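Just so you know, these numbers use all the heavy atoms, side chains as well, and skip hydrogens, waters and symmetry mates. In what follows, every chain begins at residue 1, and chains take the letters A, B, ... in the order their sequences are listed. Only a predicted model underlies this, so the values are computations on that prediction, with no experimental measurement involved.
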There are 2 protein chains.
Amino acid sequence: MFLRFFTFSAVSTQSCRYANRSSIDAKEIFLPCFSLSDMTTRDSEDRRASPKNCPHCSDSTLLPTFTYFFRGETPPLPGMPDLQLQNHLWSTYILGHASPWIDCDSKEEWLAALSEVCLEQEISYAAYLGVRSFSIELKNRDSPRLAKIISKWLWTKNTELGFWIFVPTDGIGEPTSKDSRDTWGIWADFRTLCGNFSIDRLQCGIRVTPNLAPEFENCSHSLRWKGEPVAAFWYDTEVFMTEPTTSQACLSIIHSRLLSELWFSSKQKVIVSSKFPVADERRPQYSKILRVVIASKMRVLEMHAQLTSTYVGVSDYVDSLQPPLQPLSHDLSSGIYDTLEQDPVKYVKYQEALELAIEELYERCEDIVIYILGAGRGPLVNTALASAAKFSEPDGTSKIQIVAVEKNPNACQTLYFCNMKKWGQYVNLIGEDMRDLEKFVKSGELFKPDIIVSELLGSFGDNELAPECIDGLTPILQPHTICIPQRYRNFAVPIQSLRLHQGVIATEPRGYHKVQNFRGRGKPTHQSDGTFKVEGFDFATACFDQVYVACMRSYTPLAALKKIFAFEHPNIQGKSNDREVTVSYTMDRDCEVMGFAGFFDVVLYKNVFLSITPTEQTEGLISWFPALIPLRKLQRLRDGDKIDFHISRKSDDEGVWYEWHISTFDAKTNKMVDSEVQNKDGASYYMRLK
Amino acid sequence: MFLRFFTFSAVSTQSCRYANRSSIDAKEIFLPCFSLSDMTTRDSEDRRASPKNCPHCSDSTLLPTFTYFFRGETPPLPGMPDLQLQNHLWSTYILGHASPWIDCDSKEEWLAALSEVCLEQEISYAAYLGVRSFSIELKNRDSPRLAKIISKWLWTKNTELGFWIFVPTDGIGEPTSKDSRDTWGIWADFRTLCGNFSIDRLQCGIRVTPNLAPEFENCSHSLRWKGEPVAAFWYDTEVFMTEPTTSQACLSIIHSRLLSELWFSSKQKVIVSSKFPVADERRPQYSKILRVVIASKMRVLEMHAQLTSTYVGVSDYVDSLQPPLQPLSHDLSSGIYDTLEQDPVKYVKYQEALELAIEELYERCEDIVIYILGAGRGPLVNTALASAAKFSEPDGTSKIQIVAVEKNPNACQTLYFCNMKKWGQYVNLIGEDMRDLEKFVKSGELFKPDIIVSELLGSFGDNELAPECIDGLTPILQPHTICIPQRYRNFAVPIQSLRLHQGVIATEPRGYHKVQNFRGRGKPTHQSDGTFKVEGFDFATACFDQVYVACMRSYTPLAALKKIFAFEHPNIQGKSNDREVTVSYTMDRDCEVMGFAGFFDVVLYKNVFLSITPTEQTEGLISWFPALIPLRKLQRLRDGDKIDFHISRKSDDEGVWYEWHISTFDAKTNKMVDSEVQNKDGASYYMRLK
């Protein structure tokens with residue numbers, strides 16, 4: 001085992017409390033380096049370790065290994081005694097590295113077999129030391145023997161040791177006509193052989209080499225690594241060049257872009273190593289160059305995070321999956337309303353739209369009755385009041401009437417409070433479902449609306465059942481009634497992301513929280529033992545058959561966005577809100593689809609527009625994270641492959657649901673093959689109308 | 001809903017950052033108090049809230065509830081608008097409390113039915129506000145309707161709202177000949193009706209009254225609450241007396257003992273309330289009295305915690321379940337050795353024993369060969385060297401030889417290092433399993449031992465397979481060979497603890513960690529998708545069929561300890577280490593058995609003795625937490641009931657396992673009834689010999 005030196009965490013330069021004790025520094029770690037790299041012949045004598053003393057280590061503590069291990073065929077163990085460091089230092093500062101000669105999938109059977117034995121010993125020894133991560137370089141295009149060893153450790157050993165599998169950016173072996181995989185494909189196959197074990201413990205590392213294979217020069221191709229768990233970047237000092245005028249070290253644009261592009265978390269690490277002794281003045285130069293690249297990327301990430309984390313109120317929301325709100329079947333809480341009201345842009349746009357609408361009707365109508373539908377705690381009431389104030393008559397009166405409709409009895413308390421304290425009882429509060437207003441109009445208690453305003457859209461547009469809610473008012477609309485929003489559309493794009501795929505698996509509810517997180521069509525039933533159950537329901541599959549909302553960062557979109565559904569209001573003809581659509585995407589690189597990211601845009605009124613699509617994103621709008629529609633299985637596709645996404649929006653008396661599946665081309669049968677239909681009949685994800 | 005005032009966390013008097021903003025203080029909270037308690041007649045007009053203004057609240061923000069709720073039969077909602085506090089303050093400082101008149105299980109059907117509607121509204125409103133806990137008092141000996149409402153909230157609603165169910169210490173209703181349950185029994189039945197939902201969300205509270213029912217005066221009975229999730233103590237000011245000489249408030253010994261006895265965590269809360277206005281100078285007196293009681297209990301808890309947490313290296317180990325070590329099948333890590341070596345007492349005792357043994361043999365033998373069996377990183381080698389030094393000859397030589405035997409190749413590295421650096425190559429290191437030493441003796445490489453020393457005991461004595469390991473040396477022992485330890489026994493006692501029962505359920509492994517945590521007889525197999533699986537294994541039941549180790553605090557032993565198994569060494573006759581025993585316990589109170597706590601004691605040599613039993617605990621010994629042997633189901637027993645614990649230790653060529661079950665008396669059939677045998681054939685918990 002080789003203990004890596006010169007490793008640093010680029011962001012948190014935590015000062016080491018133990019520096020005096022063991023002369024270890026968080027930024028640059030020099031430890032006795034010990035390698036078994038000379039051990040490449042079959043001669044049994046040569047298997048004895050021939051340790052090279054570390055240039056930085058004057059007290060040679062390197063040990064020949066324990067006597068009795070030489071008796072049989074067992075090669076020697078690494079000779080790094082645990083007592084050299086306190087236990088918590090091993091786990092904090094040291095990264096284990098497999099001896100460079102190890103090659104479990106060598107064509108030389110003797111070397112492969114010996115490598116297997118030694119690698120297991122080295123891993124076991126790293127686990128003994130308490131080291132958290134053990135790194136290995138991928139040397140072959142196929143590594144089934146290495147994968148089996150790692151897979152066995154990960155799946156069956158109860159240790160905290162994780163693995164970093166390094167791939168070189170100059171490629172692994174030569175592609176052939178039969179095997180055209182690039183480095184990403186080789187890595188993806190490797191982790192698949194390891195059962196795609198949790199990215200908490202099986203990650204990859206990018207070994208940055210002076211020469212880059214085309215896939216690391218081409219941005220679209222290298223961005224696929226954003227969907228992979230990249231733990232570390234390993235720069236060999238050979239990658240650095242010398243700036244001729246200043247004689248300072250520098251990095252080519254393409255080498256620094258690679259780091260900037262794939263850096264997405266302060267948990268990632270950068271390692272710099274050298275095959276030769278490095279001059280003392282050079283070290284800080286290398287370190288500085290990399291820090292500058294990372295710092296500028298971190299500024300971008302933090303700016304974005306600051307914006308949204310204030311809004312969300314938590315910091316670790318990135319890539320974390322949430323169920324979309326279901327405001328019809330679940331009354332929202334004060335805290336959620338509070339969050340939704342923080343958006344700095346949304347209500348400005350609503351006010352613009354509302355004022356356009358009022359202007360449009362002002363001359364035509366004697367009174368203008370505005371219904372705020374789903375008023376919540378009243379943000380749109382405030383907007384409407386502000387708009388009304390602009391249109392007040394010279395004598396201070398107003399021809400604008402405001403009706404706030406809210407079915408959540410708890411939020412009604414807040415509305416009532418605001419009406420008393422803030423709105424001077426100006427607002428007519430109706431504690432009812434907006435679909436049940438007809439009776440108030442018939443009884444003369446309410447006038448028909450001239451404008452109806454609502455904010456019922458979800459991340460995937462219609463997924464909070466805006467179409468059904470707004471259509472519920474159709475019987476009481478007037479011919480001139482203006483509806484804000486007027487129309488909205490949703491979009492989808494196939495994405496690659498191992499992290500999000502595993503995130504979906506992790507949402508499978510358990511124990512006491514199982515039924516709480518059930519969102520399917522069935523109803524939980526009370527059991528004789530006091531518990532509630534959903535009979536015959538498979539929670540493990542169900543987690544893939546749901547729509548999520550997430551601030552996604554570790555993913556790569558694999559094509560251009562395509563439109564899915566569109567809705568318009570008012571819907572006087574009562575057109576069905578059921579939909580069915582198939583959209584096709586063609587892959588422009590080898591990739592692995594985990595599902596689809598969903599977005600929407602909306603025309604509030606005339607030219608007032610909101611969007612969360614990546615290209616048209618309304619500036620400053622933070623109310624919506626994208627939606628995620630997962631697939632049950634990771635789908636590997638080749639450059640040029642076509643994928644069809646079939647999605648329907650279905651409904652019955654009680655609720656609405658999506659069903660979806662994909663079709664991909666199967667080279668064997670020369671046909672498109674359908675995947676299983678997900679969320680059939682809304683079994684797992686059913687958006688109730690009540 | 002009633003918002004509780006004057007609540008404080010007794011330990012962390014966190015200063016409130018928002019004090020200026022809303023005049024809220026962490027210690028004493030005064031909020032507008034609002035109660036629906038007048039609402040006890042059927043007259044519909046009276047159902048309108050008649051809020052009483054809080055004496056501390058000059059600005060009356062109390063609201064009549066929203067208009068439309070009076071239309072039907074729906075009673076009004078609580079009138080506490082959420083905007084009065086920032087959202088995080090609701091969750092931090094406010095405890096919701098059901099309106100005092102609510103009684104879902106009243107004999108008056110109208111009141112029960114109305115209570116159900118109102119309670120659901122109040123709970124929903126508390127959830128809306130973001131309050132974390134909602135408290136309700138148990139009023140009836142049976143509360144199935146209340147239980148159903150709470151159960152439904154807990155099991156099916158995805159909110160963070162938890163429930164505190166208060167029981168009064170002067171009893172609930174009158175026991176009858178048919179229903180002799182005490183208050184504990186009533187609570188236990190209630191939570192059972194709620195499916196024993198997670199104690200994170202369903203807890204009880206003790207409402208301390210001036211008069212105490214016998215079960216709260218009797219220590220053995222009141223201690224059962226240690227096994228229950230007691231969230232809070234609620235002292236009515238009537239409980240306090242006035243010290244005649246100083247006119248200061250004071251508390252009777254029995255009332256303060258109750259708090260001291262059942263206080264086990266800084267997360268618990270104390271509430272003081274009064275039906276009448278309280279004089280300003282009285283408030284700090286009440287608070288101080290309770291703080292003094294709690295502080296002195298916390299000192300005891302912290303002293304214990306400090307001792308063990310330094311040792312364990314983590315702070316939240318209390319009541320947390322760990323799998324026992326299996327040093328034969330899993331090589332221990334450096335960190336675990338490091339922890340095991342910290343014990344301040346164990347090695348002192350071993351040295352005493354070793355010196356007695358050397359003394360015994362010194363004149364008789366020419367050389368004294370000491371085998372350290374399972375030397376680990378060498379703590380017993382140090383002990384042996386220290387002992388040897390005491391017996392060195394006048395010329396400085398020693399007739400004591402030390403052989404260290406260790407099968408963990410990683411630990412051998414450390415031994416080798418120590419032998420080089422610290423022990424002057426004095427120790428003969430053997431990297432072998434201690435059961436395979438015969439070949440070295442036969443080849444003349446080793447002399448037969450005069451003393452063998454090992455520390456192979458687990459929390460339940462033999463559960464790290466000390467008998468099998470030590471017996472492995474029998475062929476090479478001499479007639480005079482002394483074995484340290486000489487003999488050991490284990491013990492068990494039935495215990496009550498809802499927390500530990502739920503702790504066992506929580507250990508069920510999931511996802512990527514499932515197979516890692518498999519400890520049964522079968523072997524995980526490699527699947528075609530790269531994962532590992534244990535075919536046809538039920539992890540949900542298996543978690544009950546295992547032995548755990550835990551620093552248990554929230555539990556109550558229900559009887560006196562009884563001896564289970566005993567072992568002696570050397571075992572020259574090669575007696576079997578299989579055992580089978582049945583022990584009986586008779587309950588001295590109504591209770592609920594969740595399983596058995598296990599302990600051991602050991603005679604190292606002659607009078608040198610170590611014990612972890614509660615009564616004989618060796619002072620300062622921290623190496624072992626007790627063992628826990630759970631039952632699959634909570635077993636309710638009555639005062640005077642008998643429980644038989646059957647446990648066997650079985651073995652085959654590959655390993656050793658325990659099987660256990662209980663027998664209890666069934667009043668219906670008038671017979672003892674056996675529970676299912678747990679861990680049959682070691683399916684779930686199998687201690688491998690290799």
Under a 4.5 Å heavy-atom cut-off, does chain B meet the side chain of A:Asn196, its backbone, both or neither?
backbone
Which region of A:Arg191, side chain (C-beta onward) or backbone (N, CA, C, O), has a non-hydrogen atom less than 4.5 Å from a non-hydrogen atom of chain B, or is it both or neither?
neither
What part of A:Glu508 lies closer than 4.5 angstrom to a heavy atom of chain B: side chain, backbone, both or neither?
both
If you tally heavy-atom pairs under 4.5 Å against chain B, which of A:Lys533, A:Lys157, A:Lys514 wins?
A:Lys157
Does either side chain, that of B:Arg519 or that of B:Gln546, offer a donor lying less than 3.5 Å from an acceptor on the other one?
yes
Proximity breakdown for A:Ile336 and chain B, heavy-atom pairs closer than 4.5 Å:
neither
Give, as side chain, backbone, both or neither, the part of B:Ser91 having an atom under 4.5 angstrom from any heavy atom of chain A.
neither
Regarding B:Tyr337 and B:Asn408, do their side chains bring together a donor and an acceptor under 3.5 Å, going by distance alone?
yes
Measuring heavy-atom distances to chain B, does A:Asn87 have an atom under 4.5 Å in its side chain, in its backbone, in both, or in neither?
side chain
Between B:Asp436 and B:Lys407, does any NZ, NE, NH1 or NH2 come within less than 4.0 Å of an OD or OE carboxylate oxygen?
no
For the backbone of A:Asp338 and the side chain of A:Gln342, can you confirm whether one donor and one acceptor N or O come within less than 3.5 Å of each other?
yes
Just by distance, with hydrogens left out, do B:Ser124 and A:Asp331 show a side-chain donor and acceptor under 3.5 Å apart?
no
Whether the side chain of A:Glu406 engages the backbone of A:Ala375 through a donor-acceptor N/O pair (distance < 3.5 Å, no angle test) should be reported.
yes
Determine the interplanar angle of the A:Phe539 and A:Phe518 rings, folded into 0 to 90°, and report it as parallel if under 30°, tilted if 30 to 60°, perpendicular if over 60°.
perpendicular
Counting heavy-atom pairs under 4.5 Å to chain B, which of A:His330, A:His513, A:Gln527, A:Lys148 comes out on top?
A:Lys148
Pick from B:Ser198, B:Pro144, B:Pro323, B:Cys418 with the largest number of heavy-atom pairs that fall under 4.5 Å of chain A:
B:Ser198
Pick from B:Phe532, B:Phe197, B:Tyr128 with the largest number of heavy-atom pairs that fall under 4.5 Å of chain A
B:Tyr128
Count the heavy atoms belonging to other residues, nucleotides or ligands that lie under 6.0 Å from NE2 of B:His526, then report whether that count exceeds 12.
yes
Answer key: most heavy-atom pairs under 4.5 Å with chain B among A:Ser334, A:Gly511, A:Ser528 is A:Ser334
Closest-packed option against chain B by number of heavy-atom pairs under 4.5 Å, given A:Ala411, A:Ala127, A:Pro524:
A:Ala411
